[in-house]
2 protein chains.
Amino acid sequence: MKVRWDLDSPSQPNEAPAKRRPGRPRLEAPSQEYIARRDEIIATAAEVFHQKGYDAGTLEDVAEALDLRRASIYYYVRSKAHLLFLIIDRALGLALDELDEYTKLPDPRERLETFIRHQVRTITGEPSMFTVFFDHRLRLEQEYEARIRDKERRYVRAYLKVVQDAVKAGVIGKVDPRYGAQAILGMTTWSYKWFDPTRDNADRLADSCVKLVLDNLGAPA
Amino acid sequence: MKVRWDLDSPSQPNEAPAKRRPGRPRLEAPSQEYIARRDEIIATAAEVFHQKGYDAGTLEDVAEALDLRRASIYYYVRSKAHLLFLIIDRALGLALDELDEYTKLPDPRERLETFIRHQVRTITGEPSMFTVFFDHRLRLEQEYEARIRDKERRYVRAYLKVVQDAVKAGVIGKVDPRYGAQAILGMTTWSYKWFDPTRDNADRLADSCVKLVLDNLGAPA
DNA sequence: CCTACCGATCGGTAGG
DNA sequence: CCTACCGATCGGTAGG
């Protein structure tokens, strides 16, 4: 049986590059083609699972879409469960990607606005990835759970802080930060259920979300 | 084979009572026990599909939870697909239930607030039903689609109108009604993904949503 | 509402 | 990356 490389690593741009281990490496790094092909498989699987659902979408469907035999997928991926993990990890990576940068923005109002726009852009930009993430996240196997949960927390915490600061600065009402963060997250994220790129416009949706939360008129009752 | 009754009718309180057909009825109406038992099956199936997903959750699981044999479920339900329909139809029925009443509220601000509170209460009150509804709605068979889509449209339209009126009355910013409605719907509905009744409080969540959208402070930039 | 029982699908592996 | 092939699961039906 051929030796395969670190199948688990999601090869994300925001991932730290693999540390060079001491001594002579046993194997060369996975070839560029290998990585590219695996990314193709991940993306295609996301589309299949998006359309048919994780369980109903078969590896046969994925293989067919790639003009492969089903067994060949196992050269790149350990199992169907592993494939689900790779999709979810990638989705989280995308969402987390520019967030650190935005966290540094000094103005609370601008920061919240940027977070909202970022979320809308990210979700509507990768509907398949995020549909799989949100609708099949609970089908993740135990072994993968921990790795995901970590990044997930980082994400929610970032949102929590933005909302807290916005409340402090008085740019939004005095809401419970946790509920406020989830509400804003929901308002934008929900788009994965209804947004139709042939009809809807992400920037206008973002405008509406921002206006609803930040551009306010009536004084409190 | 025994004759069964109208398996499709969801026996919802807001459903019009079945019209009395002319002539002598062929069969008495389904017994109260029959209806009650079927509702039990629907509720249990919702819990199973909530925990394991629609495809991964088996009829065996449902039967076991009810202390039945799997085959017995078919006395109440045509198929697994039919069971999914019954759950989804029930969820929509619950959501639609009090909505007509609230539509009559004259004050735009109060009406929007009531809609928001109603949505939070409904979703958090039936997590299993609504998780199945939102996460497995696309696995509905063709034959059931139409019946669902209709009610669904009614729901979205009601929200559309509330938002339109709120914009006109100037109680929220001038947002695109469609995006505004989906944003508010998302803000509240999203709770089915994270709300934990042992830790969270539905009324406070509703407060936060209302405050975020309606109780505003800063003037538009 | 139950006891069998069938048919089909599908993830995964051997071995090249 | 492919050709077989196995094993298990599961929805559904017959017949009572």
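So that the names make sense, note that chain A is the first sequence line, chain B the second, and so on, each numbered from 1. Basis for what follows: all heavy atoms, side chains included, without hydrogens, waters or symmetry-related copies.
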Would you say B/R70 places a side-chain N or O within less than 4.0 Å of OP1 or OP2 belonging to D/dG12? no
Is any side-chain nitrogen or oxygen of B/Y74 closer than 4.0 Å to OP1 or OP2 of D/dA14? no
With both distances kept under 3.5 Å, what pairs with C/dG16, Watson-Crick or G-U wobble? D/dC1
With no hydrogens and no angle check, do the side chains of B/Q119 and B/Y155 hold a donor and an acceptor under 3.5 Å apart? yes
Electrostatic pair A/E145-A/R137, nearest N-O below 4.0 angstrom: yes
Rounded to the nearest angstrom, tell me the gap between atom NZ in B/K80 and atom C1' in C/dT9. 13 Å
Kindly say if A/R78 contacts the phosphate of C/dG12, meaning a side-chain N or O under 4.0 Å from OP1 or OP2. no
Please evaluate residues B/D61 and B/T58 with respect to the criterion side chain to side chain donor-acceptor pair (under 3.5 Å), reporting the C-alpha separation (whole Å), side-chain torsions for both, the decisive distance (0.1 Å), and the verdict. CA-CA 5 Å; B/D61 294 327; B/T58 69; 3.2 Å; yes
Within 45 degrees of the ring normal and closer than 6.0 Å to the centroid, is that where the cationic atom of A/R147 sits relative to A/F85? yes
Looking at A/Y76, I'd like to know whether one of its side-chain N or O atoms comes within less than 4.0 Å of OP1 or OP2 on D/dC1. yes
Starting the side chain at C-beta, find the nucleotide from D/dC1, D/dT3, D/dG11 nearest to B/T58. D/dG11
Rounded to whole Å, please give me the gap between CG in A/L84 and C1' in C/dC10. 17 Å
Out of D/dG11, C/dC1, D/dA14, which nucleotide sits closest to the side chain of B/Y75? C/dC1
Whole Å only: how far is the CG atom of A/D55 from the P atom of C/dT9? 17 Å
Could you tell me how far apart A/H82 (NE2) and C/dG12 (C1') are, to the nearest whole angstrom? 15 Å
Rounding to an integer number of Å, can you tell me how far A/E60 CD sits from D/dC2 C1'? 13 Å
B/E141 CD to D/dG12 C1': how many Å, rounded? 13 Å
Whole-Å gap separating P (C/dT13) and CZ (A/R69): 20 Å
Test: A/K80 cationic atom under 6.0 Å from A/Y54 six-membered ring centre, within 45° of axis: yes
Whole Å only: how far is the CD1 atom of B/I73 from the P atom of D/dT13? 14 Å
